[in-house]
2 protein chains.
Amino acid sequence: MKLSTAEENYLKAIFKISEKAKKSASTNAIAKQLSTSAASVTDMLKRLAEKELINYEKYKGVTLKVAGIKQATQLIRKHRLWEVFLVKKLRFSWDQVHEIAEQLEHIESEELIMRLDAFLDYPKFDPHGDPIPNADGKFTIRSQTPLSDMHKGQEGMLVGVKDHTTEFLKYLNSLNVKLGTMITVIDSVPYDGSMSVNLDNKNVIMITATVAQNLLIRKV
Amino acid sequence: MKLSTAEENYLKAIFKISEKAKKSASTNAIAKQLSTSAASVTDMLKRLAEKELINYEKYKGVTLKVAGIKQATQLIRKHRLWEVFLVKKLRFSWDQVHEIAEQLEHIESEELIMRLDAFLDYPKFDPHGDPIPNADGKFTIRSQTPLSDMHKGQEGMLVGVKDHTTEFLKYLNSLNVKLGTMITVIDSVPYDGSMSVNLDNKNVIMITATVAQNLLIRKV
DNA sequence: AATAATTTTTAGATTAATCTAAAAATATAT
DNA sequence: ATATATTTTTAGATTAATCTAAAAATTATT
Ligand SMILES: [Mn+2]
Ligand SMILES: [Mn+2]
Ligand SMILES: [Mn+2]
Ligand SMILES: [Mn+2]
């Protein structure tokens, strides 16, 4: 089924909300995610329900039907593959690619994505450490912990970030923190959750609890 | 100025028609080019005139203003760069890329095109031999003759095609005719304009006048 | 120059996607 | 359990882009 860009974006939003909350997505949550009005969301939900992509009952939230999940997953696959292309091939920085990928993900061509995937050597993760679903929609899973949950002395590698905003990523750039950086917890302050951590066994820096919550570590 | 996909496509259509006919584009010609109704064209022309992109007077044709030429040229640049990417990097065949490039050309990011251009090593021509305007909108010009205008004994290299349809390009594939192929006119039949030509000093084939008109040769 | 043919424009509808404001339903707090 | 607050839906408009059918303007033909 051929969907409009707007329809695709709604499905992706519902997918992301359900994934995070592990329950049905509310009208307001979708509106917030897409920076649109609740009224617009209701309109669109009717249309998506009509097309059998979501389960929708007035005043209850929505969940994706199988067809909807498939569409959302493919869209995420396309988004993340394009992000890899932009970073690996065009040498964009990880804080510059999201906007462009938001556009590229809507290009319609199965063949294009197959070839792009091959060209990039079938990457499993995008530049932010998010898993790229394969052509069948399967995500690679990986054990990871927010740095904020780690204790003094524990060590691991940065494998992902939760916050994808340009501001956060640029801040990490300024700290010289990137995917692959080895992080060891030197100390953590119970009072405010801030931490001092060692980077690649070189320098020690201080970070706030908020930052620590947004750094995903694979422990060694 | 940020334009919609539809607006961009109209500007490109007007550019192509004016380029070929070397005069103003008529409502009907634009409608035909875009497979839409004349009424829709009139609607859009009013909008584009309002935005100072075209010169439009009722019942006269339209011409592009400077801003319109700039937009159309940039769009063509993007289209052709993406076609190069698809063929050179993703290994698509030249008959498969136009549709996808029609979508990709509307992705909005100056930075993306700059980087894509560099990644592709600043190509001057696309996979169909069409010139790629540079960032300033300048086209490389090249002397070329339709094969149909050449005479017995003349020789040259295939540098472009006039017809960009999948059917024509696939037919050329089947003849093993591609950009770079050396073509020598063995004989031409005045009666119907058909020709027998030698390819790369190997085999001789027969082609019709129509085919010969669509092959652009740089004579040696 | 009058008539016919063609082209172009206008008029009026339609569809997707959006909005604001008001009404209705649901959830929360007293 | 009633009142209040929040969420969600409906009602009614708007805008871009399209369409068909009819009217108007232009061009071609007798
Ligand atoms: Mn992204
Ligand atoms: Mn990402
Ligand atoms: Mn093309
Ligand atoms: Mn081309």
Side-chain angles (χ1 to χ4, degrees), chain A residues 1-14 17-18 20-21 23-64 68 71-72 75 102-103 105-108, chain B residues 1-14 17-18 20-21 23-64 68 71-72 75 102-103 105-108:
Chain A
M1 191 185 338
K2 185 167 173 348
L3 301 179
S4 70
T5 295
E7 288 169 330
E8 288 189 333
N9 285 336
Y10 273 91
L11 292 175
K12 194 172 63 159
I14 296 166
I17 293 163
S18 313
K20 183 180 286 181
K23 60 176 180 61
S24 72
S26 72
T27 301
N28 259 2
I30 298 166
K32 195 171 187 182
Q33 172 87 17
L34 296 175
S35 309
T36 188
S37 71
S40 297
V41 174
T42 302
D43 283 350
M44 182 60 96
L45 294 183
K46 287 177 187 166
R47 225 163 323 130
L48 293 174
E50 189 57 47
K51 294 193 175 186
E52 298 280 307
L53 292 161
I54 62 173
N55 302 107
Y56 172 56
E57 259 188 292
K58 272 189 190 183
Y59 292 103
K60 322 284 172 203
V62 295
T63 56
L64 295 176
Q71 292 277 355
L75 198 64
E102 281 295 309
Q103 298 179 61
E105 70 188 5
H106 300 290
I107 301 292
E108 195 193 298
Chain B
M1 192 186 337
K2 185 164 173 350
L3 302 180
S4 70
T5 294
E7 288 169 329
E8 289 189 333
N9 284 337
Y10 273 89
L11 291 176
K12 192 172 62 158
I14 296 165
I17 292 164
S18 314
K20 183 180 285 180
K23 61 175 180 61
S24 73
S26 72
T27 301
N28 258 3
I30 299 167
K32 196 171 186 183
Q33 173 86 18
L34 295 173
S35 308
T36 188
S37 71
S40 297
V41 174
T42 302
D43 283 350
M44 183 60 95
L45 294 183
K46 287 177 186 166
R47 228 165 320 129
L48 294 174
E50 189 58 46
K51 294 194 176 186
E52 298 282 305
L53 293 161
I54 61 173
N55 302 107
Y56 172 58
E57 259 188 291
K58 272 190 188 182
Y59 292 104
K60 321 286 173 197
V62 294
T63 56
L64 295 176
Q71 292 278 353
L75 198 64
E102 281 295 309
Q103 299 179 63
E105 70 188 7
H106 300 290
I107 301 293
E108 195 192 298

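Note: hydrogens, waters and symmetry copies are ignored here, and every other heavy atom, side chains too, is used. Chain A is the first sequence line, chain B the second, and so forth, proteins listed ahead of strands; every chain is numbered from 1.
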Using atom [atom1] of [X] as one end and atom [atom2] of [N] as the other, report the distance to the nearest whole Å.
| X | N | atom1 | atom2 | value |
| --- | --- | --- | --- | --- |
| B:Leu34 | D:dT18 | CG | P | 9 Å |
| B:Glu50 | D:dA16 | CD | C1' | 15 Å |
| B:Glu8 | D:dA16 | CD | C1' | 15 Å |
| B:Asn9 | D:dA16 | CG | C1' | 14 Å |
| A:Leu48 | C:dA17 | CG | C1' | 12 Å |

I want to check one thing: is the phosphate of [N], taken as OP1 and OP2, less than 4.0 Å away from some side-chain N or O of [X]?
| X | N | value |
| --- | --- | --- |
| A:Ser40 | C:dA17 | no |
| A:Ser37 | C:dT18 | no |
| A:Tyr10 | C:dA16 | no |
| B:Thr36 | D:dA17 | no |

Discussion item. For A:Lys23, give me all partners under side chain to side chain donor-acceptor pair (under 3.5 Å), at least two apart in sequence or on another chain.
Written reply: none
Item to complete: Determine the minimum heavy-atom distance between A:Leu64 and A:Ala72, stating which atoms define it.
Response: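 Minimum heavy-atom separation between A:Leu64 and A:Ala72: CD1-CB, 4.2 Å.
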Response to the item:
d(B:Met44 CE, B:Ser4 OG) to nearest 0.5 Å is 5.0 Å
Item to complete: Using a 4.5 Å cut-off on heavy atoms from C-beta on, say whether the side chain of B:Glu105 contacts that of B:Asn9.
Response: yes
Item to complete: Give every residue pair that meets the side chain to side chain donor-acceptor pair (under 3.5 Å) criterion with at least one member in residues 40-54 of chain B, sequence neighbours excluded.
Response: B:Glu7-B:Lys51, B:Ser37-B:Ser40
Hey, what are the protein-to-nucleotides 6-12 of chain D N/O distances that come in under 3.5 Å?
{"from": "D:dT8", "atom 1": "OP2", "to": "A:Asn28", "atom 2": "N", "distance (Å)": "2.8"}
{"from": "D:dT9", "atom 1": "OP1", "to": "A:Tyr56", "atom 2": "OH", "distance (Å)": "2.6"}
{"from": "D:dT9", "atom 1": "OP1", "to": "A:Tyr59", "atom 2": "N", "distance (Å)": "2.8"}
{"from": "D:dT9", "atom 1": "OP2", "to": "A:Thr27", "atom 2": "OG1", "distance (Å)": "2.8"}
{"from": "D:dT9", "atom 1": "OP2", "to": "A:Thr42", "atom 2": "OG1", "distance (Å)": "3.0"}
{"from": "D:dT9", "atom 1": "O4'", "to": "A:Tyr59", "atom 2": "OH", "distance (Å)": "3.4"}
{"from": "D:dT10", "atom 1": "OP1", "to": "A:Lys58", "atom 2": "NZ", "distance (Å)": "2.5"}
{"from": "D:dT10", "atom 1": "OP2", "to": "A:Lys46", "atom 2": "NZ", "distance (Å)": "2.9"}

Worksheet item: side chain to side chain contact (heavy atoms under 4.5 Å, CB included) with B:Tyr10: which of B:Val62, B:Ile54, B:Ile30, B:Leu53?
Response: B:Ile30
